[in-house]
Amino acid sequence: SWVAKNKNSKATMTQAHSKSCFHQFWDGLQIKRSSDSFTVELLPSLGATINHSNKLQKFIISPYDPRYRSWELFLIVLVVYSAWICPFELAFLRDLPSKLLLVENIVDIFFAIDIVLTFFVAYVDSKTHLLVDDRKRIAMRYLSTWFIFDVCSTAPFQPIILLFTHKGNDIAFKVLNLLRLWRLHRVSSLFARLEKDIRFNYFWTRCSKLISVTLFAVHCAGCFNYMIADRYPNPEKTWIGAVMSTFRSESLWTRYITALYWSITTLTTTGYGDLHAENPTEMLFDIVYMMFNLGLTAYLIGNMTNLVVHGTSRTRKFRDSIQAASEFAARNQLPENIKQQVLSHFCLQFKTEGLNQQVMLDCLPKGIRSSIAYSLFFPIIRQAYLFNGVSGNFIAELVMEVQAEYFPPKEDIILQNEGEADVYIVVSGAVNIITTIHGNEQVYEKIAEGEMFGEVGSLCNIPQPFTCRTAELSQLLRISKTRLREIIEENREDSNILMNNLVQKLKLRESLPDMNQPDRRFLSKYELFHVPREAWLLKKSQLHYTEHTSR
């Protein structure tokens with residue numbers, strides 16, 4: 001009894017430990033609201049204890065701090081605005097309104113604040129993958145990488161130009177404003193992070209990125225082409241002046257939409273011919289744009305093809321498997337019922353593979369797998385008649401060894417007279433127990449949800465007395481006969497209870513009317529009820545010897 005209590009306490013401690021580890025791991029995935037807590041993007045070094053302090057130096061900000069992430073998202077909104085307004089004002093706004101200049105100066109102030117803030121943001125070293133919070137190393141890294149580009153994309157060029165030329169709307173100022181497009185690298189980093197974020201669908205994240213790239217290319221090309229036409233000496237000899245001679249007096253909306261129309265028809269190689277180059281400068285720009293479109297189109301088609309193929313590759317393999325199975329059945333003239341079993345197996349395999357359940361479980365640590373198995377299968381095994389009255393320790397040990405499997409209708413799981421097989425518990429669906437008498441199949445019993453089969457042959461070391469065939473789509477728990485015997489041998493008190501349950505089940509079957517019984521000679525020749533229980537789990541040769549000595 002002390003051993004049983006000790007095993008029970010160990011099992012309880014193991015379950016509690018696995019659950020506590022699971023909760024600790026899950027808590028570690030959550031984004032906590034403190035500057036010195038990190039997400040799973042930061043991995044500790046080998047040998048680091050769980051209580052190791054990861055506090056940053058004073059005034060140093062974690063790149064995973066939720067407040068800093070919110071700041072980055074706010075800057076992304078400003079980047080999108082800058083990416084749209086820079087080409088637009090270069091092409092369509094000869095004189096920048098004072099309100100627009102005020103907005104741009106405010107945007108530049110935010111990015112200037114970010115430059116200063118970057119000197120206090122820790123970073124992950126690319127070699128050690130550890131967080132670096134040393135101020136000098138942070139400053140040296142930033143100064144040697146993106147600092148110059150950030151300064152050039154944020155510098156107030158208009159006051160500088162006004163100081164020397166007194167022309168704040170000069171074309172040079174607008175061209176220098178294009179340096180603000182450097183900020184787009186933040187958007188690229190955002191999409192790279194979203195693609196790894198499990199909260200967002202990967203397919204739609206990639207599609208959003210491709211659509212954004214396309215729209216930005218169309219916008220920039222339309223603006224640049226309009227700028228060439230607007231500044232050409234002879235407006236009528238331009239791509240837009242040829243169809244709209246007074247285009248400069250048209251509304252800003254009309255001119256912008258016309259530019260986008262030309263850009264999208266050129267990008268898609270539609271080319272209706274209504275808008276085309278009229279002078280050498282426009283021809284040269286069109287050549288460059290179309291060469292760029294070749295690369296952009298290849299990039300878009302390649303990415304979309306990759307996404308589509310990834311989604312349809314499983315279907316293609318499934319169809320190939322079905323065709324190969326049909327050809328195999330026809331070539332070897334298999335009976336129709338066997339052919340249908342093969343095809344049903346492939347269909348069900350295709351559906352269950354899409355769930356990726358077993359692959360996911362195999363990737364998890366043993367502690368988490370144990371917690372999942374205990375949560376899912378413990379109530380089901382506890383209800384099975386064979387384990388009625390056994391200790392919780394026995395079931396807790398057994399539940400770690402079960403494996404859930406799906407079977408299509410009319411598939412043979414166990415064949416009559418087959419050697420020792422595993423034990424199965426029906427979770428959902430139904431299984432027909434079929435016996436063959438004088439060459440005719442008869443349904444002896446129907447196993448419903450919560451019941452089990454295969455235990456007689458497995459525990460009594462005899463060939464399977466029945467054929468077990470699914471009556472409908474069924475989910476079964478398979479218990480390895482080897483592990484079941486090992487667990488029974490380790491728990492001798494539970495083994496007596498288990499064998500008593502089996503004896504009562506077999507006696508109940510013998511009390512049924514003759515017309516519903518299987519071939520009694522098949523079971524009686526082993527004289528199950530005259531064999532001492534200690535010999536039930538022995539090898540067959542030992543069982544025959546035990547039968548002989550017990551008579």
Quick one about [Y] and [X] (side-chain donor to acceptor, distance below 3.5 Å, no hydrogens or angles considered), yes or no?
X: Asp274; Y: Tyr261; result: yes
X: Asn225; Y: Tyr289; result: no
X: Tyr256; Y: Ser251; result: no

> Checking ring-ring contact (aromatic ring centres under 6.0 Å, His included) for the pair Tyr142/Tyr123: CA distance, chi angles, key distance, verdict?
Replying inline: CA-CA 10 Å; Tyr142 185 43; Tyr123 70 93; over 10 Å; no

So, taking the atom named [atom1] in [X] and the one named [atom2] in [Y], what distance separates them when rounded to the nearest 0.5 Å?
X: Ile60; Y: Gln57; atom1: CD1; atom2: CD; result: 6.0 Å
X: Ile380; Y: Ile425; atom1: CD1; atom2: CD1; result: 8.0 Å
X: Thr205; Y: Arg193; atom1: OG1; atom2: CZ; result: 12.0 Å
X: Leu181; Y: Cys220; atom1: CG; atom2: SG; result: 6.0 Å
X: Gln341; Y: Lys410; atom1: CD; atom2: NZ; result: 10.0 Å
X: Tyr64; Y: Arg69; atom1: OH; atom2: CZ; result: 7.0 Å

Quick check against the 3.5 Å criterion: does [X] have a side-chain atom that pairs as donor or acceptor with the backbone of [Y]?
X: Ser474; Y: Glu472; result: yes
X: Arg248; Y: Asp230; result: yes
X: Thr145; Y: Arg141; result: yes

> Any side-chain heavy atom of Phe191 sitting closer than 4.5 Å to one from Val187?
Replying inline: yes

> Should the heavy atoms of other residues, nucleotides or ligands under 6.0 Å from CZ of Phe328 be counted, would the total exceed 12?
Replying inline: no

> Does CD belonging to Glu195 count more than 12 external heavy atoms closer than 6.0 Å?
Replying inline: yes

>> According to side-chain hydrogen bond (donor to acceptor under 3.5 Å, both in side chains), does anything in residues 104-119 pair up with another residue at least two apart or in another chain? List the pairs.
In response: Trp71-Asp114, Asp108-Arg180, Asp108-Arg183, Asp114-Arg186

> So His219 and Trp84, would you call those rings parallel, tilted or perpendicular, with 30° and 60° as cut-offs?
Replying inline: parallel

> Quick one: ring pair (Phe, Tyr, Trp, His ring centres under 6.0 Å) partners of Tyr424, sequence neighbours excluded?
Replying inline: Phe453

> Got a sec, which residues hit salt bridge (charged side-chain N to carboxylate O under 4.0 Å, His left out) with Asp134, two or more places apart in sequence or on another chain?
Replying inline: none

